[in-house]
Amino acid sequence: MLSNAATVSLWTDTAQVPSFPPLDGDTSADVCVVGGGIAGLTSAYLLLKEGKSVVLVEALQPGAGETGRTTAHFMPPDERYFEVAKRFGDAGAAQMRDSFERATALVESIVETERIECDFSRLDGYLVPAAPGDSEIIDREHACTQRLGAAVTRLLRVPGLDWDTGPALCFHNQAQFHPVKYLAGLVRAIGRLGGRIYGDTRARDVEGADVITEKGRVSASAVVVATNTPFNNRFVLHTKVAPYHSYVVGLKVPRGALEPFLLWDTGDPYYYVRLDNQRAPRPFDILVVGGQDHKTGQESTPQHRWDEIEAWTRARFPQAEEVMYRWSGEVMEPADGVAYMGRNPADRGNVFVITGDSGTGMTHCTAGAMLVTDLIVGRANPWVSLYDPGRTPLRGLGEFAKEQANVAAQYTDWLQGGEVTSPDRIPPGEGALIREGLKLVAVHRAEDGKLTFLSAACPHMGCAVHWNTAEKSWDCPCHGSRFDVAGNVLHGPSNAPLGPAGPKRE
Ligand code: FES
(Lines give C-alpha, C1' and ligand atoms only; values in the text may rest on other atoms or scores of the structure.)
Protein backbone atom coordinates (compact mmCIF):
# COMPACT_ATOMS: atom_id res chain seq x y z
CA MET A 1 0.00 0.00 0.00
CA LEU A 2 1.13 3.56 -0.67
CA SER A 3 1.82 5.39 2.54
CA ASN A 4 2.68 8.88 3.68
CA ALA A 5 5.72 7.80 5.69
CA ALA A 6 8.89 5.74 5.55
CA THR A 7 8.03 3.57 8.53
CA VAL A 8 5.43 0.79 8.34
CA SER A 9 2.76 0.40 10.99
CA LEU A 10 1.59 -2.95 12.35
CA TRP A 11 -1.74 -2.33 10.64
CA THR A 12 -0.49 -1.50 7.15
CA ASP A 13 1.92 -4.45 7.38
CA THR A 14 -0.82 -6.97 8.11
CA ALA A 15 -3.76 -5.83 5.94
CA GLN A 16 -4.48 -3.95 2.75
CA VAL A 17 -7.21 -1.66 1.51
CA PRO A 18 -8.08 -2.11 -2.20
CA SER A 19 -6.60 0.50 -4.54
CA PHE A 20 -8.62 2.60 -6.98
CA PRO A 21 -7.78 4.35 -10.27
CA PRO A 22 -7.86 8.15 -10.46
CA LEU A 23 -10.80 10.27 -11.50
CA ASP A 24 -10.88 10.57 -15.29
CA GLY A 25 -12.57 13.88 -16.10
CA ASP A 26 -15.54 15.72 -14.63
CA THR A 27 -18.32 13.94 -12.77
CA SER A 28 -21.14 14.66 -10.33
CA ALA A 29 -22.82 13.25 -7.23
CA ASP A 30 -25.04 14.41 -4.38
CA VAL A 31 -22.02 14.52 -2.08
CA CYS A 32 -18.28 14.63 -2.70
CA VAL A 33 -16.18 13.29 0.17
CA VAL A 34 -12.51 14.28 0.22
CA GLY A 35 -10.27 11.88 2.13
CA GLY A 36 -10.12 8.08 2.36
CA GLY A 37 -9.49 7.56 6.07
CA ILE A 38 -11.99 6.58 8.74
CA ALA A 39 -13.76 9.98 8.72
CA GLY A 40 -14.21 10.08 4.94
CA LEU A 41 -15.09 6.43 4.40
CA THR A 42 -17.55 6.41 7.31
CA SER A 43 -19.19 9.59 5.97
CA ALA A 44 -19.46 8.04 2.50
CA TYR A 45 -20.94 4.83 3.93
CA LEU A 46 -23.54 6.62 6.06
CA LEU A 47 -24.55 8.99 3.25
CA LEU A 48 -24.99 6.08 0.84
CA LYS A 49 -27.21 4.37 3.41
CA GLU A 50 -29.30 7.57 3.40
CA GLY A 51 -29.80 7.22 -0.35
CA LYS A 52 -27.29 9.87 -1.43
CA SER A 53 -25.00 9.33 -4.39
CA VAL A 54 -21.38 9.73 -3.28
CA VAL A 55 -18.02 10.29 -4.95
CA LEU A 56 -14.95 9.96 -2.70
CA VAL A 57 -11.58 11.32 -3.85
CA GLU A 58 -8.32 10.50 -2.09
CA ALA A 59 -4.93 12.10 -2.81
CA LEU A 60 -3.07 8.81 -2.26
CA GLN A 61 -5.17 5.64 -1.80
CA PRO A 62 -7.84 4.82 0.80
CA GLY A 63 -6.21 3.88 4.09
CA ALA A 64 -2.83 5.41 3.18
CA GLY A 65 -3.15 8.33 5.60
CA GLU A 66 -3.26 8.66 9.36
CA THR A 67 -5.94 6.07 10.22
CA GLY A 68 -3.48 3.26 9.51
CA ARG A 69 -0.88 4.96 11.72
CA THR A 70 -2.96 5.24 14.90
CA THR A 71 -3.22 2.66 17.66
CA ALA A 72 -6.98 2.40 17.08
CA HIS A 73 -8.23 2.83 20.64
CA PHE A 74 -11.85 3.65 21.36
CA MET A 75 -11.46 5.45 24.66
CA PRO A 76 -12.72 8.54 26.49
CA PRO A 77 -11.43 11.97 25.38
CA ASP A 78 -7.73 12.32 26.13
CA GLU A 79 -8.49 15.90 27.15
CA ARG A 80 -10.47 14.28 30.00
CA TYR A 81 -14.10 14.87 30.84
CA PHE A 82 -13.47 17.22 33.77
CA GLU A 83 -11.51 19.58 31.51
CA VAL A 84 -14.26 19.48 28.88
CA ALA A 85 -16.82 20.16 31.64
CA LYS A 86 -14.75 23.13 32.85
CA ARG A 87 -14.88 24.69 29.37
CA PHE A 88 -18.27 23.52 28.06
CA GLY A 89 -20.17 22.68 31.25
CA ASP A 90 -21.44 19.29 32.34
CA ALA A 91 -23.93 19.47 29.47
CA GLY A 92 -21.07 19.71 26.95
CA ALA A 93 -19.16 16.87 28.60
CA ALA A 94 -22.35 14.77 28.56
CA GLN A 95 -22.77 15.44 24.82
CA MET A 96 -19.20 14.36 24.24
CA ARG A 97 -19.73 11.19 26.24
CA ASP A 98 -22.91 10.49 24.24
CA SER A 99 -21.07 11.06 20.94
CA PHE A 100 -18.20 8.77 21.93
CA GLU A 101 -20.48 5.97 23.11
CA ARG A 102 -22.72 6.17 20.05
CA ALA A 103 -19.72 6.32 17.71
CA THR A 104 -18.25 3.18 19.25
CA ALA A 105 -21.63 1.46 19.05
CA LEU A 106 -21.95 2.48 15.39
CA VAL A 107 -18.58 0.93 14.54
CA GLU A 108 -19.63 -2.25 16.34
CA SER A 109 -22.88 -2.40 14.38
CA ILE A 110 -21.14 -1.73 11.03
CA VAL A 111 -18.67 -4.52 11.82
CA GLU A 112 -21.60 -6.88 12.45
CA THR A 113 -23.82 -5.72 9.58
CA GLU A 114 -21.06 -5.72 6.99
CA ARG A 115 -19.36 -8.80 8.46
CA ILE A 116 -16.00 -7.01 8.65
CA GLU A 117 -13.32 -9.22 10.18
CA CYS A 118 -11.26 -6.52 11.86
CA ASP A 119 -10.61 -7.99 15.33
CA PHE A 120 -13.12 -5.61 16.92
CA SER A 121 -13.50 -6.28 20.62
CA ARG A 122 -14.98 -4.57 23.65
CA LEU A 123 -12.64 -4.30 26.63
CA ASP A 124 -11.82 -2.21 29.68
CA GLY A 125 -9.58 0.86 29.44
CA TYR A 126 -7.60 2.31 32.34
CA LEU A 127 -6.49 5.86 33.09
CA VAL A 128 -3.45 5.75 35.40
CA PRO A 129 -1.27 8.46 36.98
CA ALA A 130 1.97 9.29 35.18
CA ALA A 131 3.46 10.44 38.51
CA PRO A 132 2.39 9.89 42.14
CA GLY A 133 1.09 13.48 42.40
CA ASP A 134 -1.29 12.88 39.51
CA SER A 135 -3.76 10.92 41.63
CA GLU A 136 -5.63 14.22 41.99
CA ILE A 137 -6.34 14.07 38.24
CA ILE A 138 -7.73 10.56 38.74
CA ASP A 139 -9.99 11.86 41.52
CA ARG A 140 -11.25 14.82 39.49
CA GLU A 141 -11.97 12.66 36.45
CA HIS A 142 -13.71 10.13 38.66
CA ALA A 143 -15.93 12.79 40.20
CA CYS A 144 -16.84 14.15 36.75
CA THR A 145 -17.63 10.75 35.25
CA GLN A 146 -19.85 10.00 38.25
CA ARG A 147 -21.81 13.19 37.56
CA LEU A 148 -22.10 12.17 33.90
CA GLY A 149 -23.28 8.68 34.83
CA ALA A 150 -20.46 6.98 32.90
CA ALA A 151 -19.63 3.33 33.57
CA VAL A 152 -16.38 3.99 35.44
CA THR A 153 -14.87 2.28 38.48
CA ARG A 154 -12.05 3.64 40.66
CA LEU A 155 -9.48 0.96 41.51
CA LEU A 156 -6.39 0.89 43.73
CA ARG A 157 -4.37 -0.31 40.71
CA VAL A 158 -4.89 -1.93 37.32
CA PRO A 159 -5.42 -5.66 37.88
CA GLY A 160 -3.33 -8.31 36.13
CA LEU A 161 -0.22 -6.19 35.49
CA ASP A 162 3.22 -6.73 37.03
CA TRP A 163 3.69 -3.07 37.91
CA ASP A 164 1.79 -1.08 40.46
CA THR A 165 0.05 1.54 38.37
CA GLY A 166 -1.29 3.41 41.39
CA PRO A 167 -4.96 4.46 41.58
CA ALA A 168 -6.69 3.84 38.27
CA LEU A 169 -10.00 4.62 36.64
CA CYS A 170 -11.48 1.70 34.77
CA PHE A 171 -13.66 2.84 31.83
CA HIS A 172 -15.80 -0.18 31.05
CA ASN A 173 -16.87 -1.32 27.60
CA GLN A 174 -14.33 0.57 25.50
CA ALA A 175 -13.11 -1.00 22.23
CA GLN A 176 -10.24 -1.67 19.85
CA PHE A 177 -9.89 -3.00 16.33
CA HIS A 178 -7.53 -3.37 13.39
CA PRO A 179 -8.02 -0.04 11.60
CA VAL A 180 -6.84 -1.08 8.13
CA LYS A 181 -9.02 -4.21 8.10
CA TYR A 182 -11.95 -2.02 9.11
CA LEU A 183 -11.27 0.48 6.32
CA ALA A 184 -11.03 -2.39 3.82
CA GLY A 185 -14.47 -3.55 4.96
CA LEU A 186 -15.90 -0.04 4.63
CA VAL A 187 -14.49 0.25 1.10
CA ARG A 188 -16.16 -3.02 0.10
CA ALA A 189 -19.48 -1.87 1.58
CA ILE A 190 -19.25 1.50 -0.19
CA GLY A 191 -18.72 -0.29 -3.50
CA ARG A 192 -21.70 -2.54 -2.89
CA LEU A 193 -23.87 0.50 -2.10
CA GLY A 194 -22.89 2.20 -5.37
CA GLY A 195 -20.33 4.70 -4.06
CA ARG A 196 -17.49 5.66 -6.38
CA ILE A 197 -13.95 5.94 -4.99
CA TYR A 198 -11.04 7.53 -6.87
CA GLY A 199 -7.45 7.15 -5.68
CA ASP A 200 -4.42 9.24 -6.65
CA THR A 201 -6.78 12.21 -7.06
CA ARG A 202 -5.72 15.26 -5.06
CA ALA A 203 -8.35 17.89 -4.38
CA ARG A 204 -7.02 21.37 -5.10
CA ASP A 205 -9.95 23.59 -4.17
CA VAL A 206 -13.61 23.82 -3.25
CA GLU A 207 -15.88 26.15 -5.25
CA GLY A 208 -19.37 26.34 -3.79
CA ALA A 209 -20.05 22.65 -3.27
CA ASP A 210 -17.88 21.53 -6.20
CA VAL A 211 -14.50 19.95 -5.61
CA ILE A 212 -11.74 20.83 -8.06
CA THR A 213 -9.26 17.99 -8.29
CA GLU A 214 -6.14 17.65 -10.38
CA LYS A 215 -8.02 15.05 -12.47
CA GLY A 216 -11.36 16.82 -12.95
CA ARG A 217 -14.24 18.59 -11.25
CA VAL A 218 -16.75 16.83 -8.99
CA SER A 219 -20.03 18.79 -9.05
CA ALA A 220 -22.00 18.15 -5.87
CA SER A 221 -24.63 19.58 -3.56
CA ALA A 222 -22.45 19.06 -0.47
CA VAL A 223 -18.78 18.44 0.30
CA VAL A 224 -17.25 16.64 3.27
CA VAL A 225 -13.59 17.53 3.80
CA ALA A 226 -12.17 14.67 5.86
CA THR A 227 -8.45 15.05 5.26
CA ASN A 228 -7.18 15.10 8.89
CA THR A 229 -6.51 18.81 8.43
CA PRO A 230 -8.63 20.75 5.92
CA PHE A 231 -6.88 21.78 2.70
CA ASN A 232 -9.63 24.24 1.75
CA ASN A 233 -9.36 26.65 4.63
CA ARG A 234 -6.19 28.67 4.69
CA PHE A 235 -6.67 30.71 7.85
CA VAL A 236 -9.63 30.06 10.12
CA LEU A 237 -9.32 26.46 11.26
CA HIS A 238 -5.53 26.28 11.07
CA THR A 239 -5.24 28.74 13.92
CA LYS A 240 -7.47 26.53 16.07
CA VAL A 241 -5.72 23.19 15.62
CA ALA A 242 -2.06 22.32 16.14
CA PRO A 243 -0.28 19.40 14.40
CA TYR A 244 1.55 16.93 16.63
CA HIS A 245 3.58 13.85 15.78
CA SER A 246 3.12 10.80 18.00
CA TYR A 247 5.41 7.74 18.09
CA VAL A 248 4.51 4.07 18.40
CA VAL A 249 6.49 0.92 19.18
CA GLY A 250 5.16 -2.65 18.74
CA LEU A 251 6.90 -5.26 20.89
CA LYS A 252 6.50 -9.02 20.66
CA VAL A 253 5.01 -10.69 23.76
CA PRO A 254 4.26 -14.42 24.24
CA ARG A 255 0.71 -15.26 23.16
CA GLY A 256 -1.59 -15.03 26.17
CA ALA A 257 1.04 -13.48 28.48
CA LEU A 258 -1.19 -10.41 28.82
CA GLU A 259 -4.96 -10.10 28.74
CA PRO A 260 -6.23 -7.51 26.22
CA PHE A 261 -6.58 -4.06 27.78
CA LEU A 262 -6.32 -0.36 26.96
CA LEU A 263 -4.25 1.94 29.16
CA TRP A 264 -3.22 5.58 29.02
CA ASP A 265 -1.58 7.80 31.63
CA THR A 266 -2.01 11.38 32.82
CA GLY A 267 1.26 12.68 31.36
CA ASP A 268 1.50 15.48 28.81
CA PRO A 269 2.39 14.05 26.39
CA TYR A 270 0.98 10.78 27.61
CA TYR A 271 1.76 7.13 27.01
CA TYR A 272 -0.95 4.85 25.61
CA VAL A 273 -0.97 1.06 25.46
CA ARG A 274 -3.00 -1.74 23.89
CA LEU A 275 -2.47 -5.38 23.01
CA ASP A 276 -2.85 -6.70 19.48
CA ASN A 277 -3.93 -10.31 19.69
CA GLN A 278 -5.42 -10.50 16.19
CA ARG A 279 -6.09 -13.92 14.82
CA ALA A 280 -3.09 -13.90 12.56
CA PRO A 281 -0.82 -16.76 11.53
CA ARG A 282 1.71 -15.86 14.18
CA PRO A 283 2.35 -17.51 17.57
CA PHE A 284 2.70 -14.29 19.59
CA ASP A 285 0.89 -11.07 20.47
CA ILE A 286 2.14 -7.52 20.00
CA LEU A 287 2.13 -4.91 22.74
CA VAL A 288 1.52 -1.56 21.08
CA VAL A 289 2.76 1.49 23.01
CA GLY A 290 2.64 5.11 21.87
CA GLY A 291 3.58 8.54 23.14
CA GLN A 292 6.43 11.10 23.09
CA ASP A 293 4.39 13.60 21.01
CA HIS A 294 5.92 16.83 19.72
CA LYS A 295 4.91 19.55 17.28
CA THR A 296 5.19 18.27 13.71
CA GLY A 297 8.24 19.58 11.91
CA GLN A 298 9.93 20.77 15.09
CA GLU A 299 12.32 17.88 15.63
CA SER A 300 14.60 16.59 12.88
CA THR A 301 16.04 13.53 14.65
CA PRO A 302 13.17 12.01 16.61
CA GLN A 303 14.46 8.42 16.67
CA HIS A 304 15.28 8.74 20.38
CA ARG A 305 11.55 9.01 21.07
CA TRP A 306 11.06 5.39 20.05
CA ASP A 307 13.91 4.47 22.41
CA GLU A 308 12.17 6.35 25.25
CA ILE A 309 8.92 4.48 24.60
CA GLU A 310 10.75 1.15 24.52
CA ALA A 311 12.50 1.91 27.82
CA TRP A 312 9.21 2.99 29.43
CA THR A 313 7.59 -0.24 28.25
CA ARG A 314 10.38 -2.57 29.37
CA ALA A 315 10.34 -0.98 32.84
CA ARG A 316 6.66 -1.95 33.19
CA PHE A 317 6.08 -5.01 31.04
CA PRO A 318 8.70 -7.74 31.58
CA GLN A 319 6.79 -9.82 29.01
CA ALA A 320 8.09 -7.53 26.22
CA GLU A 321 10.57 -9.18 23.87
CA GLU A 322 12.03 -7.75 20.67
CA VAL A 323 10.75 -4.68 18.89
CA MET A 324 8.70 -5.63 15.83
CA TYR A 325 7.49 -2.21 14.66
CA ARG A 326 8.30 1.48 14.99
CA TRP A 327 6.14 4.10 13.34
CA SER A 328 4.77 7.61 13.80
CA GLY A 329 1.58 9.46 12.90
CA GLU A 330 0.19 12.98 12.93
CA VAL A 331 -2.73 14.15 15.06
CA MET A 332 -4.47 17.52 15.10
CA GLU A 333 -4.87 19.00 18.59
CA PRO A 334 -7.80 21.42 19.01
CA ALA A 335 -7.12 24.58 21.03
CA ASP A 336 -9.95 23.94 23.49
CA GLY A 337 -9.72 20.14 23.57
CA VAL A 338 -12.84 19.46 21.48
CA ALA A 339 -12.79 18.48 17.80
CA TYR A 340 -14.10 20.71 14.98
CA MET A 341 -16.78 18.82 13.09
CA GLY A 342 -19.65 20.32 11.12
CA ARG A 343 -20.27 23.17 8.70
CA ASN A 344 -17.04 24.89 7.64
CA PRO A 345 -16.98 28.48 8.94
CA ALA A 346 -15.05 29.77 5.91
CA ASP A 347 -17.62 28.60 3.33
CA ARG A 348 -21.12 29.81 2.58
CA GLY A 349 -22.13 26.60 0.82
CA ASN A 350 -22.70 23.08 2.02
CA VAL A 351 -19.09 22.42 2.97
CA PHE A 352 -18.45 20.30 6.05
CA VAL A 353 -15.20 19.50 7.84
CA ILE A 354 -13.99 16.88 10.32
CA THR A 355 -10.73 17.80 12.06
CA GLY A 356 -9.09 18.28 15.46
CA ASP A 357 -9.52 14.64 16.37
CA SER A 358 -6.69 14.71 18.95
CA GLY A 359 -5.61 11.29 20.26
CA THR A 360 -9.07 9.81 19.87
CA GLY A 361 -9.33 9.74 16.09
CA MET A 362 -11.37 6.56 15.73
CA THR A 363 -14.14 7.82 17.99
CA HIS A 364 -14.02 11.48 17.00
CA CYS A 365 -13.97 10.73 13.26
CA THR A 366 -16.85 8.28 13.48
CA ALA A 367 -18.87 10.78 15.53
CA GLY A 368 -17.95 13.45 12.97
CA ALA A 369 -19.23 11.31 10.11
CA MET A 370 -22.51 10.79 11.99
CA LEU A 371 -22.80 14.54 12.62
CA VAL A 372 -22.13 15.72 9.05
CA THR A 373 -24.45 13.03 7.68
CA ASP A 374 -27.25 14.39 9.87
CA LEU A 375 -26.51 17.95 8.73
CA ILE A 376 -26.49 16.96 5.06
CA VAL A 377 -29.79 15.05 5.23
CA GLY A 378 -31.36 17.80 7.37
CA ARG A 379 -31.75 15.80 10.58
CA ALA A 380 -31.30 17.32 14.04
CA ASN A 381 -28.11 16.32 15.82
CA PRO A 382 -27.47 17.04 19.52
CA TRP A 383 -23.71 17.57 19.10
CA VAL A 384 -23.78 20.42 16.54
CA SER A 385 -23.06 23.21 18.98
CA LEU A 386 -20.35 21.35 20.95
CA TYR A 387 -18.32 20.50 17.85
CA ASP A 388 -19.17 23.65 15.82
CA PRO A 389 -16.06 24.52 13.72
CA GLY A 390 -17.13 28.17 13.86
CA ARG A 391 -16.85 28.47 17.64
CA THR A 392 -14.23 30.82 19.03
CA PRO A 393 -11.32 29.25 20.91
CA LEU A 394 -11.99 31.47 23.94
CA ARG A 395 -12.44 28.46 26.20
CA GLY A 396 -8.91 27.34 25.42
CA LEU A 397 -7.43 30.81 25.15
CA GLY A 398 -4.16 29.98 26.92
CA GLU A 399 -3.46 27.01 24.67
CA PHE A 400 -4.56 29.00 21.60
CA ALA A 401 -2.16 31.87 22.42
CA LYS A 402 0.68 29.45 23.13
CA GLU A 403 0.22 27.69 19.79
CA GLN A 404 -0.02 30.98 17.87
CA ALA A 405 3.22 32.21 19.46
CA ASN A 406 4.83 28.91 18.54
CA VAL A 407 3.74 29.26 14.89
CA ALA A 408 4.95 32.88 14.73
CA ALA A 409 8.34 31.81 16.05
CA GLN A 410 8.77 29.36 13.16
CA TYR A 411 8.95 32.21 10.64
CA THR A 412 12.25 33.36 12.17
CA ASP A 413 13.81 30.37 10.35
CA TRP A 414 13.99 32.70 7.35
CA LEU A 415 16.41 34.91 9.29
CA GLN A 416 18.71 32.05 10.27
CA GLY A 417 21.59 30.50 8.38
CA GLY A 418 21.18 27.13 6.73
CA GLU A 419 21.63 23.85 8.61
CA VAL A 420 24.65 22.98 6.47
CA THR A 421 26.86 25.13 4.26
CA SER A 422 27.22 22.67 1.36
CA PRO A 423 25.43 19.60 -0.07
CA ASP A 424 28.68 17.71 0.54
CA ARG A 425 27.79 17.72 4.23
CA ILE A 426 24.50 15.84 3.70
CA PRO A 427 24.85 12.07 4.19
CA PRO A 428 23.16 9.64 1.74
CA GLY A 429 19.45 9.24 2.46
CA GLU A 430 19.19 12.52 4.38
CA GLY A 431 18.23 16.15 3.78
CA ALA A 432 19.11 19.59 5.13
CA LEU A 433 18.45 23.28 4.55
CA ILE A 434 21.07 25.41 2.80
CA ARG A 435 20.96 29.21 2.67
CA GLU A 436 21.36 30.81 -0.77
CA GLY A 437 21.10 34.58 -0.41
CA LEU A 438 17.65 35.37 0.93
CA LYS A 439 16.35 31.87 0.18
CA LEU A 440 16.44 28.60 2.07
CA VAL A 441 16.81 25.54 -0.15
CA ALA A 442 15.70 22.06 0.89
CA VAL A 443 18.36 19.65 -0.35
CA HIS A 444 18.07 15.85 -0.31
CA ARG A 445 20.81 13.37 -1.10
CA ALA A 446 19.57 9.96 -2.29
CA GLU A 447 21.39 6.76 -1.36
CA ASP A 448 23.01 6.82 -4.82
CA GLY A 449 24.24 10.37 -4.22
CA LYS A 450 21.71 12.13 -6.48
CA LEU A 451 20.81 15.57 -5.12
CA THR A 452 17.33 17.14 -5.23
CA PHE A 453 16.99 20.90 -4.66
CA LEU A 454 13.60 22.35 -3.70
CA SER A 455 12.34 25.61 -2.30
CA ALA A 456 12.05 25.26 1.48
CA ALA A 457 8.99 27.55 1.50
CA CYS A 458 5.83 25.62 2.41
CA PRO A 459 3.18 26.51 -0.23
CA HIS A 460 0.51 26.78 2.48
CA MET A 461 1.65 29.94 4.27
CA GLY A 462 5.37 30.15 3.69
CA CYS A 463 7.07 28.57 6.73
CA ALA A 464 10.38 26.81 6.08
CA VAL A 465 10.08 23.03 6.04
CA HIS A 466 12.49 20.82 8.02
CA TRP A 467 13.92 17.39 7.26
CA ASN A 468 12.52 14.44 9.25
CA THR A 469 15.22 11.76 9.50
CA ALA A 470 12.77 9.17 10.85
CA GLU A 471 10.09 9.39 8.15
CA LYS A 472 12.36 10.74 5.39
CA SER A 473 10.09 13.68 4.66
CA TRP A 474 10.08 17.48 4.64
CA ASP A 475 7.77 18.58 7.46
CA CYS A 476 6.34 22.05 8.01
CA PRO A 477 6.55 23.27 11.62
CA CYS A 478 3.64 25.72 11.30
CA HIS A 479 0.49 23.75 10.44
CA GLY A 480 1.78 20.23 9.79
CA SER A 481 2.10 19.88 6.00
CA ARG A 482 4.49 17.13 4.95
CA PHE A 483 6.23 16.48 1.62
CA ASP A 484 8.24 13.60 0.15
CA VAL A 485 11.79 13.96 -1.16
CA ALA A 486 10.46 15.03 -4.57
CA GLY A 487 8.31 17.71 -2.92
CA ASN A 488 4.95 15.93 -3.38
CA VAL A 489 2.34 16.54 -0.68
CA LEU A 490 2.04 13.71 1.86
CA HIS A 491 -0.14 15.57 4.35
CA GLY A 492 -2.03 18.87 4.17
CA PRO A 493 -3.06 21.56 4.67
CA SER A 494 -0.83 22.38 1.71
CA ASN A 495 -2.50 21.26 -1.52
CA ALA A 496 0.51 22.11 -3.70
CA PRO A 497 3.99 20.57 -3.84
CA LEU A 498 7.22 22.26 -2.79
CA GLY A 499 8.39 24.55 -5.60
CA PRO A 500 11.65 24.48 -7.51
CA ALA A 501 14.72 25.91 -5.80
CA GLY A 502 15.53 28.37 -8.56
CA PRO A 503 18.17 28.10 -11.27
CA LYS A 504 18.65 24.59 -12.66
CA ARG A 505 21.56 22.72 -11.08
CA GLU A 506 23.75 19.85 -12.10
FE1 FES B 1 0.99 26.15 6.98
FE2 FES B 1 3.25 25.04 6.13
S3 FES B 1 1.46 24.04 6.78
S4 FES B 1 2.79 27.14 6.37
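Start at 1 and go down the list; that is how both ligands and their atoms are numbered.
- For the pair Ser494 and ligand 1, no heavy-atom separation below 4.0 Å is found.
- The nearest N/O/S atom of His479 to atom 1 (Fe) of ligand 1 is ND1.
- Short contacts between ligand 1 and Gly462, defined as distances under 4.0 Å to a heavy atom of the residue, involve ligand atoms 4 (S).
- A donor atom on one side chain and an acceptor atom on the other are found under 3.5 Å apart for Ser246 and Tyr272.
- Aromatic ring centres of Phe483 and His491: separated by at least 6.0 Å.
- Cysteines Cys463 and Cys458 are not disulfide-linked, with SG atoms at least 2.5 angstrom from each other.
- Under the 6.0 Å cut-off for aromatic ring centres, Tyr271 and Trp264 do not qualify, their centroids lying 6.0 Å or more apart.
- The atoms of ligand 1 that sit less than 4.0 Å from any heavy atom of Ser481 are 3 (S).
- An angle of 110° is found at atom 2 (Fe) of ligand 1 between Cys476 atom SG and Cys458 atom SG, rounded to 10°.
- For the salt bridge (charged side-chain N to carboxylate O under 4.0 Å, His left out) condition, no pair includes a residue of residues 14-27, sequence neighbours left out.
- Restricting His460 to its N, O or S atoms, the one at the least distance from atom 1 (Fe) of ligand 1 is ND1.
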